[in-house]
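A short worksheet on the structure shown next.
Chain identifiers are assigned alphabetically (A, B, ...) following the order of the sequence lines, protein sequences preceding nucleic acid strands; residue numbering begins at 1 within each chain.
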Amino acid sequence: MSSPIITRFAPSPTGFLHIGGARTALFNWAFARGRKGKMLLRIEDTDRERSTDAAVTAILDGLTWLGLTWDGDAVSQYARAERHREVANELLKRGKAYHCYCTPQELEAMRAKAEAEKRPIRYDGTWRDRDPSSAPAVVKPVIRFKAPQQGETVIEDHAQGRVVIPNKDLDDLIILRSDGNPTYNLSVVVDDHDMGVTHIIRGVDHLTNAARQTQIYLAMGWSVPDMTHVPLIHGPDGAKLSKRHGALGVEAYRAMGYLPAALRNYLARLGWSHGDDEIFSTEQLVEWFTLDSLGKSASRFDFAKLENLNGHYIRHTPDAELLRHLLAFMPHAEGGPDLLARTDDAMKAKLLRAMAGLKERAKTLVELLKGAAFLYASRPLSMDDKARQILVDGGHAALAALHPVLAGAGDWTAHTLEAAVKTHAEQAGLKLGKLAQPLRAALTGTSTSPGIFDVLEVLGRDEALARIADQAKP
RNA sequence: GCGCCCUUCGUCUAUCGGUUAGGACGACAGCCUUUCACGUUGUAAAGACGGGUUCGACUCCCGUAGGGCGCGCCA
């Protein structure tokens with residue numbers, strides 16, 4: 001029996017959980033869940049300057065909202081610095097690392113010179129084989145990894161295939177800063193090893209790091225985890241994801257009214273596929289997901305397709321469940337908190353009854369909420385331009401004639417109301433639209449809404465009749 | 001500049017040497033209809049370019065072009 005699968009998601013808390021990170025987390029999660037493995041969460045906070053607690057919270061909240069759960073507690077990488085130092089010293093002892101006394105200024109000059117001469121920008125190995133006794137006493141040294149200079153480093157990658165990097169192109173990276181704190185590449189290797197990570201799934205922007213990390217694994221005599229570097233997500237214009245495009249935190253997607261399930265489905269189809277399947281459940285994703293079915297080229301973020309998917313999910317979510325989503329969404333919506341405060345049990349009941357008609361017309365929860373606005377409106381309703389025009393073009397009179405008809409209807413249900421209005425239309429020789437549109441205007445203040453008889457029913461006899469009376473003029 | 005990677009409809013993708021190159025979003029047109037939607041039917045739309053290999057290339061190889069990523073005492 002093979003050892004259990006352990007994946008990890010390792011974001012750095014320098015900002016929100018952006019969409020690319022969310023997808024990486026989704027893949028790690030799906031892979032682990034599909035194999036009865038575990039997904040660990042590690043916060044890469046070794047950069048004390050830029051890491052913030054707020055970012056950690058945002059990342060945890062984002063993952064939770066997306067429904068991606070991790071096993072065990074989130075691990076702080078910084079908290080493990082002592083262990084990282086220990087490994088750095090072990091490397092030193094093994095002759096796989098050395099002290100470097102170059103100052104940041106000297107390194108800067110080195111880079112500038114290389115750039116001016118159009119040479120590759122790399123550390124020149126000044127202290128690689130130099131006798132430390134010649135070290136300047138005032139400079140606190142860093143520890144650099146003694147990278148192999150000959151041969152090549154190979155990464156067997158599930159998504160990228162076999163990637164070969166010439167060792168001469170990889171310089172001696174710093175693994176321990178002059179202040180004694182470890183750097184990313186060292187910490188990652190030590191943590192992944194100590195945490196028992198078997199599969200690393202992350203963005204291709206880490207491909208070069210994978211090579212350097214592989215060298216460190218080898219230097220320590222540790223086995224190298226299985227690697228998968230997934231292609232990046234670009235903006236609609238093919239360039240880097242910008243704020244305007246999609247480089248937003250997942251909380252922004254929540255505020256735009258997307259359902260977690262829809263976003264998961266959409267994200268899964270970016271860079272991964274299962275034949276022609278477009279719409280599938282998260283359970284199916286977990287069942288179908290394999291590392292080898294990942295693509296290799298970057299994909300562009302397409303809001304139109306996300307909207308379409310989201311609309312599908314909204315339409316297929318049971319009314320009561322959708323109402324819960326809507327209620328949970330309100331605090332994050334513009335003007336939502338105010339509406340939420342006005343949502344008592346009676347209003348919830350109305351929303352629930354209107355939901356079937358509402359959800360057909362919404363691609364996002366923002367639109368769903370907007371569609372429900374007429375339920376919250378108070379008399380006399382304000383009319384938008386189109387509604388006003390309908391009323392002016394004979395609407396007022398039509399309503400005046402309709403009011404007694406509705407008032408005299410038997411029971412206040414969509415069914416009987418529809419029968420009553422249709423009979424009236426026939427007798428008056430009018431097309432149904434000539435009555436429905438004025439009703440819609442009077443009842444909702446707009447020219448679009450769910451089926452008008454459902455609107456009548458949901459509003460209730462008293463409120464509906466009153467709204468009609470408000471607009472009825474001879 | 002150096003290294004690595006990528007390139008099928010506008011977009012996401014299927015195809016794993018032999019297909020009329022398929023699906024989805026979007027677009028356009030029709031149908032349905034009390035509005036808006038939903039639904040439904042249909043149309044247009046692709047192998048970057050140039051060489052090979054092969055009986056046969058979107059698929060394999062080489063080159064060109066375009067694009068991406070990386071090259072910090074950041075992660």
Check: Between A/H206 and A/Y123, which has a closest nucleotide on RNA chain B that is more 5'?
Finding: A/Y123
Note to self: By nearest heavy atom, map A/I452 and A/I165 onto RNA chain B; which one lands nearer the 5' end?
What the structure shows: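 Result of the comparison: A/I165.
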Using atom [atom1] in both nucleotides, what's the gap between [N] and [M] to the nearest angstrom?
| N | M | atom1 | result |
| --- | --- | --- | --- |
| B/U59 | B/U7 | P | 11 Å |
| B/C60 | B/G70 | C1' | 29 Å |
| B/C4 | B/U43 | C1' | 43 Å |
| B/G30 | B/A14 | C1' | 29 Å |
| B/G26 | B/U20 | C1' | 24 Å |
| B/U19 | B/C2 | C1' | 43 Å |
| B/G22 | B/U64 | P | 33 Å |
| B/U15 | B/A46 | C1' | 13 Å |

[Y] and [X] side chains, donor-acceptor separation under 3.5 Å:
| X | Y | answer |
| --- | --- | --- |
| A/D385 | A/Q389 | no |
| A/Y98 | A/D172 | yes |
| A/Q437 | A/R440 | yes |
| A/E457 | A/T413 | no |

Among [options], which nucleotide sits nearest the side chain of [X]?
| X | options | value |
| --- | --- | --- |
| A/I174 | B/C73, B/C36, B/C12 | B/C73 |
| A/R300 | B/G23, B/G3, B/C12 | B/C12 |
| A/L232 | B/C4, B/U11, B/C69 | B/C69 |
| A/P166 | B/G3, B/A75, B/U11 | B/G3 |
| A/F453 | B/C4, B/A75, B/U34 | B/U34 |
| A/I121 | B/G3, B/G72, B/G10 | B/G72 |
| A/E360 | B/A37, B/G3, B/A75 | B/A37 |
| A/L432 | B/U34, B/C5, B/G72 | B/U34 |
| A/N308 | B/G23, B/G26, B/A37 | B/G26 |
| A/A304 | B/C12, B/G26, B/U7 | B/G26 |

Item checked: Sugar-phosphate, base or nothing in reach of A/D45, heavy atoms under 4.0 Å ->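 Nothing: the residue A/D45, judged by heavy atoms under 4.0 Å, touches no strand.
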Please determine whether a side-chain nitrogen or oxygen atom of [X] lies at a distance below 4.0 Å from atom OP1 or OP2 of [N].
| X | N | result |
| --- | --- | --- |
| A/S187 | B/A75 | no |
| A/K305 | B/U13 | no |
| A/T208 | B/G3 | no |

[atom1] of [X] versus [atom2] of [N]: gap in Å, rounded?
| X | N | atom1 | atom2 | answer |
| --- | --- | --- | --- | --- |
| A/R212 | B/G70 | CZ | P | 13 Å |
| A/L270 | B/A14 | CG | C1' | 16 Å |
| A/F374 | B/U35 | CZ | C1' | 13 Å |

Do [X] and [N] have a side chain to base donor-acceptor pair shorter than 3.5 Å?
| X | N | result |
| --- | --- | --- |
| A/R315 | B/C38 | no |
| A/D277 | B/A24 | no |
| A/S178 | B/C73 | yes |
| A/D276 | B/G22 | yes |
| A/R269 | B/U11 | no |
| A/E278 | B/G23 | yes |

Check: Looking at the rings of A/W288 and A/F280, which for Trp means the six-membered one, are their centres under 6.0 Å apart?
Finding: yes
Next item on the list: Compare all side-chain heavy atoms of A/T183 with those of A/L176 and state whether any distance is below 4.5 angstrom.
Entry: no
Checklist line | Parallel, tilted or perpendicular, as decided by the 30° and 60° cut-offs, for the rings of A/F289 and A/F27 | finding: parallel
